[in-house]
Structures are given as C-alpha cells and as structure tokens.
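Read through the structure below, which is laid out as structure tokens, and then see the notes.
By convention in this document, chain letters (A, B, ...) are assigned in the order of the sequence lines, proteins followed by strands, and residues within each chain are numbered from 1.
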There are 2 protein chains.
Amino acid sequence: MKKEELSKRLKEAGLKATPQRILILDFIMKHGHIGIETLYEKMKDIIPSISIATIYKNLKILEEKGLVREVSISSFKSLYELKNLPHIHIVCEKCRSVSDFFINEAEIKKYFKNLTNFDVNKVSIILFVECEKCKVSES
Amino acid sequence: MKKEELSKRLKEAGLKATPQRILILDFIMKHGHIGIETLYEKMKDIIPSISIATIYKNLKILEEKGLVREVSISSFKSLYELKNLPHIHIVCEKCRSVSDFFINEAEIKKYFKNLTNFDVNKVSIILFVECEKCKVSES
DNA sequence: ATCCTTGCAAATGATTTGCAAGAGT
DNA sequence: ACTCTTGCAAATCATTTGCAAGGAT
C-alpha cells in the first residue's frame, strides 16, 4: 500500500494525514505486527524529532478509529497490526516469533457458535507451536 | 478446594505455603480470573499488612511453577487464573465480563492442526460476544 | 537453624497528560 | 484562519528490586 492510500485511509477516518501517522501505518504494515519500542526506534531514523508520546497518542486514536488493532499475548509486550484481513496468530514458543495465519472468519465463527452456542462477534486466537525454523535447527 | 489442598499444591511446587500464597490461590479460585488491583483490595481485608509487591512476586513465581496462568486480553489489564481444566474465554463486549467455557483441548487442537498444519502445543482463544444478560437488558 | 518470603521504600519502566508551537486542511 | 497534532517535560501508573526482619520447614 502506498503513502497516498494510507493518507486517504486516515482522512476517511477523520484524521489528519501527518507524516508521523503515515509512517506508523507504513511500518505496521511492513512488519505485520510491531511493538511500540521498535516502532519508535525505526521511526527515529526517518523523523528524528519524533516523540514516543506521539506514537502512543496515535496508536490509541488509530485503534479507536478502527485502523489498527492491539495484539495482547501473555508475557509479551503489546503488538500492533493493521486491521485488514482476518487472521490468527501463531507464536513459536522457542524463538518467540509471531506470524499471521489468514482465516475464513465466518467458518471459524461457525465452529465456535457450534461449540459454545454463542453468536461470536470477534475472535482472538493464538496458537503456540514450535515453528519450522526451530524444528530444523534442533540438534 | 480447601486450604489444605492449596497448601499441598504449593509444597509440591517447591514453595512455602504462606498465608499470602494460600489466599492468592483462594481468591483466584473463587473468582475464576482476577486482576492484581482487585486481588490486592480483597486481600487487604484479610491480611491488612499485605504488600502489593508480595502479590506481584507471588503471581510471578506461581506462574513459573505452573499453578497460575496470566490471561491477556486487548484493552484489559492482565487477569490471573488457576491452571486447571482447559477452557477458553468469552468476553462480553457490552459489560466486559469474562467467563470460562470448558473445552476438549485435544479436539480444538485437532481442528487447528487440520486448519494450519501446525502441531499446536497450546491455544489461547477469546470469543467476543454479547452475553445473555446484556441481550435481555437491551431496550 | 536455615533458607525463603514478606513488607517497605526506592528504583525503574510504561503510559498519559498539559501546553505552547507548528502543521494540515 | 482554524483546528488538530506534535514534541517536550512532567505527572501518573505499573512493575521490579534490594534489603532487613519475620516466618515456614
């Protein structure tokens, strides 16, 4: 997604398209998910004057406007991701990498509706596994 | 579960069975899941000298020893629960109540193995719904 | 008796806030 | 021009740590 598209998305959400916000979205997009500290470090290279308070404020408002989602995993710091395609998270317990697995959301909701009898609005699913890389590098 | 049983569990984990620890487990058990601040408030009624640092230290060590699990839900503070029967969390988006739904873990793992092709060690599943109470109290 | 745990206070870390200057529409 | 956003510094809130005294085995 190019800057213009991100800019457009911001304006549609009623937010001004500042370089800071575009860059936040851009980095989140490139990383899939990214933590605040990492975001701050990377943004400093491009906007050296950036303040971490600005990042906090923007992540908050971007989440309120529905552009970004916070990902909470026990014993991890919060990560942030674009609210695009529905997916679940796969966490490697060895190397602590987090990756996305895209899903058919309706399908999953149906499965859980079936199981629990609740109409599910939203799901948050994390699978803890050992990733391929770690399996291979095992002695 | 009675105090003696909790005390036994602590000793089995190689921890001393102090009143503070027993009370922490007792409250977590009674609440299903409880946050640190609430735990602190409730414990003060029974052990007025309790320090919140003690609660932090103990939750940490209880988690390390596998007696307790931290539950992370976006925009919630961490909750803690006993590591007993496998279950998933159902969160009402209206009243923000959190409840447990007990599952057949093998079954769920099979479902996701089937879907993702990963051998799943552990799952963390949160379903966001509107609970019965909230549905009823809707105008 | 020994070692672990507690409670306190201080230290650290994370997040939020107020405000004046600057940038986007 | 007007309003929203930024960056800074300070304030607040959450979590961790060191240490001396007390408690569990």
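Distance A/R21 CZ to D/dC4 P: 11 Å, rounded to the nearest Å. When rounded to the nearest whole Å, the span between OH of A/Y56 and C1' of D/dT12 equals 13 Å. Going from atom CD1 of A/I55 over to atom C1' of C/dA14 covers 14 Å, rounded to whole Å. With rounding to whole Å, B/K44 atom NZ is found 18 Å from C/dT6 atom P. Rounded to whole Å, the distance from CG on B/L59 to C1' on D/dA14 is 14 Å. A straight line from CG of A/L39 to P of C/dA14 spans 15 Å, rounded to a whole angstrom. Residue B/I61 contributes atom CD1, which lies 9 Å from atom P of C/dT6 at whole-angstrom precision. One interatomic measurement links the two molecules: NZ of A/K77 to C1' of D/dT16, which rounds to 13 Å at whole-angstrom precision.
At a threshold of 4.0 angstrom between heavy atoms, the contacts of A/S49 are confined to the sugar-phosphate backbone, with no base atom among them. Within the nucleic acid shown, A/I50 comes within 4.0 Å of sugar-phosphate atoms alone, with no base atom in reach, counting heavy atoms only. If you check every strand for non-hydrogen atoms under 4.0 Å, A/Q20 touches sugar and phosphate atoms only.
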Subject >> Nucleic acid footprint by protein, nucleotides 18-25 of chain D - heavy-atom cut-off 4.0 Å, B for base, S for sugar-phosphate alone >> reply: B----BBS
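Taking a cutoff of 4.0 Å between a charged side-chain nitrogen and a carboxylate oxygen, A/K122 and B/E93 qualify as a salt bridge. Salt bridge status for A/E41 with A/K44: present, with a side-chain N to carboxylate O gap under 4.0 Å. Salt bridge annotation for A/E130-A/K135: absent, with no cationic side-chain nitrogen under 4.0 angstrom from a carboxylate oxygen.
For A/S51 and D/dT6, the shortest distance from a side-chain N or O to OP1 or OP2 is not below 4.0 Å.
B/Y111 and A/Y111 have parallel rings, their planes meeting at less than 30° on a 0 to 90° scale where 60° marks the start of perpendicular.
Side-chain atoms of A/E81 and A/H87 include a donor-acceptor pair closer than 3.5 Å.
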**OP:** Output, in order, the C-alpha distance, side-chain angles, deciding distance and verdict of salt bridge (Lys or Arg N to Asp or Glu O under 4.0 Å) for B/E12 and B/R9.
**Re:** CA-CA 5 Å; B/E12 280 168 4; B/R9 282 232 217 169; over 6 Å; no
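B/F76 carries B/R96 over the face of its six-membered ring, with the cationic atom under 6.0 Å from the centre and within 45° of the normal.
Each of B/I52 and A/N58 was matched to the nucleotide of DNA chain D holding its nearest heavy atom; the match closer to the 5' end belongs to A/N58.
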